[in-house]
Trainee: 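My questions will all concern the structure given below.
Sequence positions, counted from 1, serve as the residue numbers for this chain.
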Amino acid sequence: MIRLGLCSLLLVVGSSAIGAADKAPGRTPKEALQAFNDLIGSWRGTGTPEGTRDKQRGFWTETLTFEWRFKGDDASLKLAFDKSKNFTSGELRYLRENDVYQLTLETTDNDTRTFTGALKDKVLTLEREDDKTKETQRFVVTLLHANRFLYRYEVKPQGKPSFTKLYTVGATKEGVPFAAGSAAPECVVSGGLGTIKVSYKGKDYYVCCSGCRDAFKEEPEKYIKEYEERRKEKSKQGAPP
């Protein structure tokens, strides 16, 4: 009886452990956010409103800047808006426990809006429900190219079957030369396009933004080790190191 009870207990514990392992996503926040490496840098955006001829609510231009932020094993992308009609700042995170992305945006009227959703085929679709109006709000980012992306804002009033697009912003990257193939330096921290030179023990490396530069300065040997491991892996796969 005791032996049978112990076996049953081990079976239950083992099954629980396997179930937990099956549900736990394998990606770290840094790995999941590397899908957005092309966004790092400064962008010139042009906003186009939908369904209005009011000149005061017509076209506008804005600047968007993305950069990495690291805290221990956690990572996020910080977003700053300049001259936007709608937002002032934001943060994109990956929630590992739910395997979803989370975007928090600060509006120009000091409201905080938090969206969650998934990335599929280079389209990040994020939604939230407004506590007051009960309408569903959608923020969609479409990654078109290394130097071009779009984002649009849509709403669906409570009880309505479909979304209405309010505006679209098309953005083009500013001031970054795009070298081809292996000539493009890799960011030692994020694996993105390196644009800023940093040095350690007499050897030069590249980072993609001030966030990666700060992280490299704090733990250079950690990121150099990861960088060398990435190069080795690429070499095994036959890709340019």
Side-chain angles (χ1 to χ4, degrees), residues 32-52 54-69 75-94 101-109 111-128 137-155 163-180 184-187 190-196 206-213:
L33 290 169
Q34 283 176 333
F36 304 98
N37 262 333
D38 285 342
L39 293 181
I40 300 302
S42 182
W43 298 78
R44 177 75 169 179
T46 300
T48 306
E50 285 290 320
T52 179
D54 184 351
K55 294 182 179 179
Q56 294 182 350
R57 296 184 59 195
F59 300 101
W60 74 91
T61 60
E62 63 185 44
T63 300
L64 307 90
T65 304
F66 292 83
E67 63 179 27
W68 282 92
R69 283 289 184 267
S76 64
L77 297 185
K78 299 293 288 185
L79 171 59
F81 294 85
D82 184 35
K83 299 181 180 179
S84 170
K85 295 183 67 173
N86 303 289
F87 306 108
T88 60
S89 62
E91 182 179 42
L92 180 63
R93 309 184 65 86
Y94 173 68
Y101 292 95
Q102 174 183 281
L103 176 65
T104 302
L105 292 171
E106 299 294 331
T107 69
T108 52
D109 56 358
D111 186 27
T112 300
R113 300 180 184 179
T114 301
F115 304 77
T116 58
L119 175 68
K120 182 178 181 181
D121 298 329
K122 294 189 175 183
V123 178
L124 177 64
T125 304
L126 305 150
E127 294 183 1
R128 71 183 290 271
Q137 300 167 350
R138 178 185 283 174
F139 191 95
V140 182
V141 180
T142 303
L143 305 174
L144 298 174
H145 193 267
N147 62 354
R148 176 77 172 164
F149 81 93
L150 304 173
Y151 76 82
R152 68 179 188 268
Y153 199 87
E154 305 172 340
V155 296
F163 282 87
T164 299
K165 182 167 62 175
L166 298 186
Y167 58 84
T168 301
V169 175
T172 304
K173 205 161 197 177
E174 291 185 325
V176 177
F178 288 93
E186 179 182 324
C187 174
S190 71
L193 177 64
T195 58
I196 305 170
Y206 285 86
V207 294
C208 61
C209 63
S210 60
C212 287
R213 180 187 61 200

Trainee: Any chance you could lay out the side-chain contact (heavy atoms from CB on, under 4.5 Å) test for Thr63 and Glu174, step after step, and finish with the verdict?
Mentor: CA-CA 9 Å; Thr63 300; Glu174 291 185 325; 4.3 Å; yes

Trainee: Any non-hydrogen side-chain atom of Thr112 less than 4.5 Å from a side-chain atom of Thr104?
Mentor: yes

Trainee: Which pairs pass salt bridge (Lys or Arg N to Asp or Glu O under 4.0 Å) with one or both residues in residues 143-153, sequence neighbours excluded?
Mentor: Arg152-Glu154

Trainee: Do we see a donor-acceptor contact under 3.5 Å between the side chains of Gln102 and Thr116?
Mentor: no

Trainee: Between Phe87 and Tyr153, is any pair of side-chain heavy atoms under 4.5 Å apart?
Mentor: yes

Trainee: Would you say that Cys208 contacts Ile40 through its side chain, given a criterion of any heavy-atom pair below 4.5 Å between the two side chains?
Mentor: yes

Trainee: Between Arg128 and Gln137, is any side-chain donor less than 3.5 angstrom from a side-chain acceptor?
Mentor: yes

Trainee: The test is side-chain contact (heavy atoms from CB on, under 4.5 Å); show your working for Leu77 and Trp68 and say whether it passes.
Mentor: CA-CA 5 Å; Leu77 297 185; Trp68 282 92; 3.5 Å; yes

Trainee: Using side-chain heavy atoms (C-beta onward) and a distance below 4.5 Å, is Val155 in contact with Leu166?
Mentor: yes

Trainee: Does any N or O in the side chain of Lys85 come within less than 3.5 Å of the main-chain N or O of Thr61, such that one atom is a donor and the other an acceptor?
Mentor: no

Trainee: Any chance the side chains of Trp43 and Asn147 put a donor and an acceptor closer than 3.5 Å?
Mentor: no

Trainee: Search all heavy atoms of Arg69 against all heavy atoms of Lys78 and return the closest pair with its distance.
Mentor: CG-CG, 3.0 Å

Trainee: If you compare all heavy atoms of Gly194 against all heavy atoms of Tyr206, which two are closest, and at what distance to 0.1 Å?
Mentor: CA-CB, 3.8 Å

Trainee: Hey, are Ser210 and Glu67 close enough side-chain-wise for a donor-acceptor pair under 3.5 Å?
Mentor: yes

Trainee: Can you check whether Val169 reaches Leu150 side chain to side chain, under 4.5 Å on heavy atoms?
Mentor: no

Trainee: Find out whether Asn86 and Trp60 are in side-chain contact, i.e. whether some heavy atom of one side chain is under 4.5 Å from a heavy atom of the other.
Mentor: yes

Trainee: Indicate the atoms forming the closest heavy-atom contact of Cys187 with Val207, along with that distance.
Mentor: SG-CA, 3.5 Å

Trainee: Between Leu39 and Asn37, is any pair of side-chain heavy atoms under 4.5 Å apart?
Mentor: no

Trainee: In chain order, what residues pass the salt bridge (charged side-chain N to carboxylate O under 4.0 Å, His left out) check against Arg113, with sequence neighbours excluded?
Mentor: Asp111

Trainee: Can we say Glu62 and Lys83 salt-bridge, meaning some charged N sits less than 4.0 Å from an Asp/Glu carboxylate O?
Mentor: no

Trainee: Would you call the rings of Phe36 and Tyr101 parallel, tilted or perpendicular, where under 30° means parallel and over 60° means perpendicular?
Mentor: perpendicular

Trainee: State which residue, out of Leu105, Thr65, Leu92, fulfils the side chain to side chain contact (heavy atoms under 4.5 Å, CB included) condition with Leu79.
Mentor: Leu105

Trainee: Students often mix this up, so state it plainly: with edges at 30° and 60°, are the rings of Tyr151 and Phe139 parallel, tilted or perpendicular?
Mentor: parallel

Trainee: Step by step, work out the side chain to side chain donor-acceptor pair (under 3.5 Å) result for Ser76 and Glu91.
Mentor: CA-CA 7 Å; Ser76 64; Glu91 182 179 42; 3.0 Å; yes

Trainee: Side-chain contact, heavy-atom cut-off 4.5 Å: Leu64 with Asp82?
Mentor: no

Trainee: What are the two closest non-hydrogen atoms of Phe81 and Ser89, and how far apart are they?
Mentor: CD1-N, 3.7 Å

